[in-house]
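Below is one structure, written out as structure tokens; comments come after it.
Throughout, protein chains are lettered first and strands after them, A, B, ... in sequence-line order, and every chain is numbered starting at 1. Hydrogens, waters and symmetry mates play no part in the numbers below; they use all other heavy atoms, side chains included.
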Protein chains: 2
Amino acid sequence: MSGSRATLAQVAARAGVSVSTASLAFSGSGPVSAATRERVLAAAEQLRYAGPDPRGRSLRQGRSGIIAVVMEDRVLAAFRDPVRIAVLDGIAQETSAQGQGLLLLSDVGESADAIGTATMDAAILLAFSYRSDPTVELLRRRVVPLVALGGPDHGLLTISIDDEAASAAAAAHLAGLGHTDVAIVTLPLVNVDSPAARGPLTADAMRAASVTVSLTRLRGARSVFPAAAGWVSAASSVDEGMIAGQALLADPARRPTAVIAQSDLLAAGVIRAAHELGLSVPGELSVIGFDGIPLDRIIPQDLTTMVQPAAAEGRAAGRAVLDLLAGEHPRSTSFQCTFHPGATTARPA
Amino acid sequence: MSGSRATLAQVAARAGVSVSTASLAFSGSGPVSAATRERVLAAAEQLRYAGPDPRGRSLRQGRSGIIAVVMEDRVLAAFRDPVRIAVLDGIAQETSAQGQGLLLLSDVGESADAIGTATMDAAILLAFSYRSDPTVELLRRRVVPLVALGGPDHGLLTISIDDEAASAAAAAHLAGLGHTDVAIVTLPLVNVDSPAARGPLTADAMRAASVTVSLTRLRGARSVFPAAAGWVSAASSVDEGMIAGQALLADPARRPTAVIAQSDLLAAGVIRAAHELGLSVPGELSVIGFDGIPLDRIIPQDLTTMVQPAAAEGRAAGRAVLDLLAGEHPRSTSFQCTFHPGATTARPA
DNA sequence: CTGTTAGCGCATTCAT
DNA sequence: ATGAATGCGCTAACAG
């Protein structure tokens with residue numbers, strides 16, 4: 001147990017100075033003679049004092065140096081997504097440069113309790129859905145400065161990408177090649193703790209949907225192909241993409257000439273399924289993805305996709321939080337995706 | 001800014017009770033009549049009080065509900081490794097069930113400052129090398145209960161796996177098949193912030209090495225093949241494995257009949273390189289990996305590998321930390337890897 | 001069941 | 001350049 005930590009008062013006593021002087025010696029934010037500073041540090045050394053206790057300091061200053069990152073999934077699910085990792089790394093780049101720590105919080109199950117009780121100076125909401133409205137409300141009450149990274153409009157400062165326009169651009173690319181029979185593979189429409197809802201994209205599924213990103217990208221694609229059939233996957237993974245591919249491509253009679261996947265991992269899975277069915281890509285099937293992650297050659301070709309600047313989004317969110325804490329007024333920002341012409345789309349046969 | 005939070009004192013005044021009674025009403029840990037509790041909660045509601053401020057509470061209780069996870073890499077590097085993610089998820093399973101938050105800290109660059117100043121009740125050191133001895137010393141001074149997950153012997157409570165024995169078992173498997181000419185592809189020997197040292201495994205490289213896991217696994221393999229040639233990779237990734245594969249397999253005259261890779265991603269890269277060189281696996285080259293992660297069909301075959309129970313390790317570390325905080329005396333634990341016979345090893349041609 | 005009292009460890013006035 | 005005093009917000013003894 002942490003029973004025996006020395007306190008600043010003890011150090012001060014040892015050094016023969018007042019507590020306030022000792023405090024100044026450590027923070028360096030006031031006039032202290034070099035000699036007394038030496039004496040204080042020597043006393044600290046003798047007592048093995050490791051510096052001011054963060055608890056006392058944060059109560060006094062009203063700052064803890066902790067920025068929370070709140071997700072709707074558990075760690076495993078969240079970090080299996082390469083985009084999330086890149087975003088989190090971007091956040092960490094900015095915040096850790098200022099000596100702030102990242103507190104990982106999950107809005108799922110019992111772990112959600114910590115959101116109400118954990119120390120934090122501010123919070124970044126990572127890819128929230130409508131499901132988490134109560135959490136947003138709780139954090140608002142706690143008067144925690146908030147930044148949303150993606151997610152629906154909670155009236156919060158939001159860092160986002162042009163999901164709808166980018167998806168429309170992806171669809172337009174296929175349309176430009178001459179495709180008219182296109183299917184869409186979506187990311188999950190409901191969250192991980194809901195009953196997994198993999199299956200055909202039906203009106204019912206749409207009504208129950210709560211995940212903003214999936215709906216927004218769907219809207220973009222449908223703006224070009226209003227009648228496109230769809231398949232809802234249960235996660236962003238190669239395996240789910242394969243399942244989707246099997247479902248959409250198995251029947252030669254109802255086989256589309258192109259597939260729009262809402263993530264690169266899903267796209268890779270679809271391409272795999274196509275290969276297993278003996279379909280050549282892009283000869284007999286065009287596939288376009290979304291994200292622009294390194295696919296580590298899961299598929300042989302270079303994937304045609306919309307590249308999102310994940311690390312930049314993370315950095316923007318990190319900077320926004322720091323600005324908020326500095327009393328500034330950062331503004332919501334939307335990043336643009338860029339089209340990456342790979343080798344997995346072509347004119348229909 | 002968090003300027004305007006209501007305090008417990010204000011709530012108490014509004015409800016016409018003392019502060020301590022109001023405190024009890026919130027914590028539920030004392031005898032309060034239902035009526036007064038109601039009154040307090042109503043007052044809180046009116047003032048939009050969101051519950052006790054964690055800063056005051058943690059100063060008073062000496063507990064913050066925060067467990068730090070300290071890594072030697074930046075987030076991106078750490079979480080590109082599927083094993084790390086699984087471990088972290090295991091930790092989170094245990095700690096978040098107790099309402100504890102995970103504070104992500106990095107022992108790299110300026111971000112390391114936070115290690116000395118961040119609020120934490122305990123810390124888990126994730127895959128530390130000797131490089132971080134000063135960090136361990138600092139945390140010891142701060143009298144923070146510590147648990148090491150892998151890494152060298154710091155005299156700390158340690159959760160580990162039988163790296164050496166498992167590597168020896170992998171090597172023995174190849175020896176049993178009749179291989180005598182075996183090469184080893186190691187994980188990085190130095191940390192990410194050191195000059196990247198990819199290249200042949202030389203005596204110099206060994207001397208400069210600081211990453212325990214790589215050295216331990218190497219020792220295991222060399223216990224069976226003392227003279228095995230080696231290649232040091234700069235990261236655990238498919239790309240690095242391909243580079244290693246090119247280097248080890250390009251020259252037909254000096255080509256081994258089998259490769260021991262220290263991670264599955266490296267193994268997958270080696271297999272890829274073999275395929276590009278026109279070598280069949282396991283016909284002309286046997287490859288064994290380490291980790292047992294889902295490879296998402298990066299390679300066509302089922303990889304022969306040593307499976308480590310990553311999630312279980314994480315959970316054990318999480319439990320150990322919680323036990324420590326509960327005043328108990330958990331013991332160091334070592335997990336065993338299990339051999340997974342895949343389809344990438346066979347008798348030499 | 002409720003109120004009173006007393007700090008937790010520290011940074012910051014304001015004197016000197 | 002240093003010291004004395006004050007309170008950040010809360011919980012835990014103890015008394016009533």
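- Of all the residues in residues 33-40 of chain A, A:Ser33, A:Thr36 reach under 4.0 Å from DNA chain D with at least one non-hydrogen atom.
- Aromatic ring orientation, A:Tyr49 versus A:Phe26: perpendicular (interplanar angle above 60°, classes split at 30° and 60°).
- In terms of heavy atoms, A:Val11 sits closest to A:Ala44 at CG1-N, 3.8 Å.
- B:Ser64 and B:Ser58 get closest at one heavy-atom pair: CA-CB, 3.7 Å.
- Within the structure, the salt bridge (charged side-chain N to carboxylate O under 4.0 Å, His left out) test picks out the following pairs touching residues 20-49 of chain B (sequence neighbours left out): A:Glu137-B:Arg48, A:Arg141-B:Glu45.
- Of the charged side-chain nitrogens involved, at least one lies within less than 4.0 Å of a carboxylate oxygen, so that B:Arg55 and A:Asp121 count as a salt-bridged pair.
- Residues meeting the ring-ring contact (aromatic ring centres under 6.0 Å, His included) test with B:Phe128, sequence neighbours left out: none.
- Across all their heavy atoms, A:Ala123 and A:Met120 have their closest contact at CB-SD, 4.0 Å.
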With a 3.5 Å cut-off and sequence neighbours excluded, list the donor-acceptor pairs that the side chains of residues 145-155 of chain B form with protein atoms.
unit_1, atom_1, unit_2, atom_2, d
B:Asp153, OD1, B:Gly155, N, 2.7
B:His154, ND1, B:Asp133, OD1, 3.4
B:His154, NE2, B:Asp133, OD1, 3.4

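- Taking all atoms of both residues into account, the shortest heavy-atom contact from A:Thr95 to A:Gly318 is CG2-CA, 4.2 Å.
- Shown here for B:Ala86 and A:Leu76, the closest heavy-atom pair between the two residues is CA-CD1, 4.1 Å.
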Under 3.5 Å between N/O atoms: give me all the protein pairs with nucleotides 9-13 of chain D, atom names plus distance.
unit_1, atom_1, unit_2, atom_2, d
D:dG9, N2, B:Gly56, O, 3.2
D:dC10, OP1, B:Tyr49, OH, 2.6
D:dC10, OP1, B:Asp53, N, 2.8
D:dC10, OP2, B:Leu8, N, 2.4
D:dT11, OP2, B:Ser23, OG, 2.8
D:dT11, O2, B:Arg60, NH1, 2.3
D:dA12, O4', B:Arg60, NH2, 3.1

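- Bracketed by its first and final contacts, the part of DNA chain C lying under 4.0 Å from non-hydrogen atoms of chain B reaches from C:dC1 to C:dG9 in 5' to 3' order.
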